[in-house]
Amino acid sequence: MNPLGVHALVFVGGWSERESSQAIEGAARCGYEWLEIPLLDPAKVDVETTVRQLERAGIKPITSLGLSFESDISSADPERVARGERLLQDALAKTRDLGAPMMTGVLYSALAKYRTAPTEAGRRSCVEVLAKLAAAAKNSGITLGLEPVNRYESNLVNTAAQALELIAEIGADNMVVHLDSYHMNIEDDPVGAIELCGDRLGYVHLNESHRGYLGTGTIDFASLFGALAKQNYRGAITFEAFSAGIGDPALNAELAVWRHVWSDAMDLARHAHQFMAAGYATAAHRTG
Ligand code: MN
């Protein structure tokens, strides 16, 4: 059975001592092993408090972030690239201090809707910054994940093939592809994407087509679980969901989270844990 995780923004919108406790305790009470901690603003995460809370609850951390236009390492503007590099290095230091083995997300561009196609110069900046980041991560035993997101959230990496290409260009062996059912539903053939990544698949997000309760939208989770089991994927599978008025207001605006798709985080996360455990067990049994 794969380790199951849940995104902290399911439970909370910030990272005060009370909020981190709520997210970590929530994850533990719903049966999860991993918690994905957002590092959109790394300075907001107090390492000592968070590590104490994680240890008490027996929860392991993975970190994630997306850049903004102001910190876009795929920009043609060197100042934005430099800001992005500083943010990624700060987030990496926080990841190391938290004892997390992976930092993932939209590390390669802004997490935002672009109105122009990527440029060659911007792509070169992105490759240079990520190569340095991967080298620093390797020194700390940290793996970097690149999450392809749909066309409304980045212009650079929308598919598994594009993520693999970027990783090949960077040339680091501690980088993996992080696939997400929500984004693949728009941009990719989900089963084909899982097969294409093979051993380079290092992390998986499951969320519904509408970001709510698993199994109530259009995602074919049985096929996804089947493809993951078939290639013997052993990494974490993490539940992600968004609803208006819950989580980080700025991120929700960026992700166009306008509707109240769900309201009870504990019920949602418990349901997702059961859904994922059952789905994977069925697929593993069928695969043999
Ligand atoms: Mn995701």
Side-chain angles (χ1 to χ4, degrees), residues 2-13 23 27 32 34-40 61-68 91 95 100 102-113 143-160 162-164 166-167 175-188 190 193-194 197 200-214 217-221 224-225 227-228 233 235-243 246-248 250-257 261-262 265 268-269 272-273 275-276:
N2 293 67
L4 298 180
V6 60
H7 199 292
L9 290 176
V10 166
F11 301 103
V12 295
Y32 290 96
W34 293 86
L35 181 70
E36 185 173 324
I37 300 174
L39 293 180
L40 294 161
I62 280 177
T63 65
S64 66
L65 73 155
L67 304 174
S68 68
T95 300
M102 182 182 291
M103 180 169 101
T104 186
V106 182
L107 308 180
Y108 50 81
S109 78
L111 175 59
K113 184 180 174 189
T143 300
L144 298 180
L146 297 186
E147 180 180 18
V149 292
N150 72 72
R151 64 190 69 195
Y152 308 109
E153 297 180 27
S154 174
N155 63 355
L156 196 65
V157 181
N158 301 140
T159 65
Q162 287 178 308
L164 289 166
L166 192 61
I167 289 173
M175 291 191 95
V176 294
V177 183
H178 158 181
L179 292 178
D180 180 313
S181 58
Y182 169 82
H183 300 293
M184 287 196 287
N185 182 49
I186 297 179
E187 305 291 355
D188 238 327
I194 290 169
C197 288
R200 276 282 176 174
L201 179 61
Y203 194 53
V204 173
H205 272 170
L206 292 189
N207 56 99
E208 245 318 344
S209 51
H210 48 47
R211 305 276 212 184
Y213 277 78
L214 297 183
T218 63
I219 306 280
D220 179 1
F221 287 105
L224 289 181
F225 285 123
L228 292 170
Y233 172 71
I237 301 177
T238 290
F239 172 58
E240 188 177 41
F242 295 93
S243 187
I246 298 170
D248 182 319
L251 182 64
N252 279 358
E254 212 56 78
L255 302 183
V257 178
V261 180
W262 49 271
L268 175 90
H273 187 279
F275 184 93
M276 296 195 291

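Keep in mind that the numbers below use all heavy atoms, side chains included, and drop hydrogens, waters and symmetry copies. Atoms within a ligand are numbered from 1 in the order they appear, just like the ligands themselves.
By the neighbour-count criterion of 12 heavy atoms within 6.0 Å, atom OH of Tyr213 is densely surrounded, having more than that number from other residues, nucleotides or ligands.
In Glu147, the N, O or S atom that comes nearest to the Mn ion (ligand 1) is OE2. For Glu240, the N/O/S atom at the shortest distance from the Mn ion (ligand 1) is named OE1. Among heteroatoms of the N, O or S kind in Asp180, OD2 lies nearest the Mn ion (ligand 1). In terms of distance to the Mn ion (ligand 1), the nearest N, O or S atom of His205 is named ND1.
Phe242 approaches Leu9 most closely through the heavy-atom pair CE2-CD1, 4.2 Å. The shortest heavy-atom contact between Ser209 and Tyr182 is O-CE1, 3.4 Å. Across Asn158 and Pro148, no two heavy atoms sit closer than the pair C-CB, 3.7 Å.
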